[in-house]
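Comments concern the structure below.
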Amino acid sequence: MNGEWRDTATGRHAANVNPAKTDDVLGELPLSSAEEAAEAIAAAKVAQPGWADTPAPERGRLIARVQRLMAERAEDLARALTREEGKILREARGEVQKTLNILEFVAGEGLRLSGDTMPSEIGHTFAYTVREPIGVVGAITPWNFPVAIPCWKIAPALVAGNAVVFKPASLTPQTAEMVVSMFAEAGLPPGLLNLVYGSGSEVGSAIVEDPRVRALSFTGSNDVGVALYASAASRGKKVQCEMGGKNPILVLEDADLGMAVEATAQGAFGSTGQRCTATSRAVLVDSIADEFVERLAEKARALVVGDGLDESVDMGPSVDEAQFETVLEFIGAGREDGAELVTGGEPLTGESHRRGYFVAPTIFDRVERKSRIAQEEIFGPVLSVIRVGDFEEGLDACNDTRYGLTSSIYTQDASRIFRFVRGIETGITHVNSPTMGGEAQLPFGGTKATGVGMRELGKTAIDFYSEWKTVYIDYTGRKREAHFY
Ligand code: NAP
């Protein structure tokens, strides 16, 4: 806060625990108060005007320095991420690499903060637009991408000339500290990036409700996001919320089954299903469904589940006990609703799993479209297979959800590819590739219950973190004739 590390005055702390080995305690999470959040906001408010006066290319160069520092520490950051969040090392390295790409792209935005010049209706008038910072921005982030998501909010917010108050998820405080340290070491002046740990209900709400915070970027669950959106919007703030997903993969009879099975396994079980872009529904046409499910189940059974720091492991634990219980509850709901359990469905309790939150990769077949496991985000390694008669029924099943983040189709048929791209109600879609992924230079986000507000990443990120000012300069040098525009 304001360029200094300090402990909370509340005296309250919570243990930060490795989800693969719960006796491995990484540190203590300070549980700050609403008053401490207000102090951070005050520091940001004081620091921001000086930063807004710093040339945008210079602000971009700061991000480039953060990028270089992170590249040097990539392996340490990836290991800390695995130990804190549980994803396997390969995925943690992938997340760090993705963050490096984002920082590289955003650094260049400092040279591209352009507006437009437009002809005016009025003679001898020069009309143009400029981007201006918003002021103090709040960033509230989830635990599942604790390096990439904070950076894809903080970096464009800073390049656009704002100051940031950052509240990370309580489950991933150490990676948040590592990220913020790099901004400080890169030379960011005090007060421009303030990290406040603490509960969502106390620190998060304090950031949302404070009138000095003019914009809020939230990523997390739908329940929290829509309440936050209502609260922030009623205070006249600019808000963007990226929330849950229930992403489908549609596999048609002419698909390359090997590729489609591999993509589904990666999408459903990669990151233990704890991705907003995870594949949680496989929508299969009847003619290939039996073979597809058999091949997929074989892959699921072969996955090595364990501590992600072990390079031979394919899938890590659920992030904490609550998430672990949620996954088991959904598995129970699948059974109760009459879905056919193909594989998994159990917590893993062997010697190497006993100290962590491990669930076996799970597949349910013949899932009813309206059942809970077909409709609700599980955020665990559980895939629902929905069988359909043809493409039209498949597209309809894919859209039969309140969420709209991402989707995928596997087919060779150009006409159905284009009809799918046109008809699918998601913010991102893939053709013959898995549902996951997002690149620095392209907009990221969803429709329906997944997303409200402007998209993150790409050029659109700067649109969220800046305001337009429209300027008219009359150079006639005499009194203006009345006009009615
Ligand atoms: P979450 O429980 O909604 O929490 C997200 C953040 O909001 C955390 O920092 C949390 O703090 C904070 N928070 C909780 N209650 C709050 C309140 N009343 N006011 C203000 N802030 C509050 O979500 P999560 O479990 O961390 O993350 C998983 C969810 O994120 C999934 O639904 C996933 O799909 C979604 N997600 C979406 C995207 C996307 O781009 N669409 C990307 C990644 C993840 P605490 O940690 O202290 O509770």
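Everything numeric here is computed off the predicted structure, so don't read it as measured data. Both ligands and their constituent atoms are indexed starting at 1 by order of listing.
The local environment of NZ in K448 is crowded, with over 12 non-hydrogen atoms from other residues, nucleotides or ligands closer than 6.0 Å. Within a 6.0 Å radius of CD in E321, no more than 12 heavy atoms belonging to other residues, nucleotides or ligands are found. The neighbour count for E177 CD, taken as heavy atoms of other residues, nucleotides or ligands under 6.0 Å away, is above 12.
Heavy atoms of A227 found under 4.0 angstrom from ligand 1: none, in either backbone or side chain. Residue contacts with ligand 1, taken as heavy atom pairs separated by less than 4.0 Å, involve E377 solely via side-chain atoms from C-beta onward. Residue F145 does not touch ligand 1, judged by heavy-atom distances below 4.0 Å.
Contact annotation for atom 4 (O) of ligand 1: protein absent (non-hydrogen atoms, distance under 4.0 Å).
Geometric assessment of K98 against the ring of F444 yields a positive cation-pi assignment under the 6.0 Å and 45° thresholds.
The closest approach between any non-hydrogen atom of F379 and ligand 1 is below 4.0 Å. At a 4.0 Å cut-off, not a single heavy atom of G451 sits close enough to ligand 1 to count as contact. Under a 4.0 angstrom heavy-atom cut-off, G446 registers as lying outside contact with ligand 1.
Distances from atom 20 (C) of ligand 1 to the heavy atoms of G200, P173, A169, P146 put G200 nearest. The residue among G220, A322, P142 with a heavy atom at the shortest distance from atom 29 (C) of ligand 1 is G220. Of the candidates T141, L29, T219, it is T141 that places a heavy atom closest to atom 9 (O) of ligand 1. Atom 18 (N) of ligand 1 has its nearest heavy-atom neighbour, among G204, A278, S205, G198, in S205.
Judged purely by atom type and a 3.5 angstrom limit, S318 has no side-chain atom pairing as donor or acceptor with the backbone of Q323.
We find the OG1-CZ distance between T429 and F420 to be 4.5 Å, quoted to the nearest 0.5 Å.
The distance between the ring centers of F145 and W152 does not fall below 6.0 angstrom.
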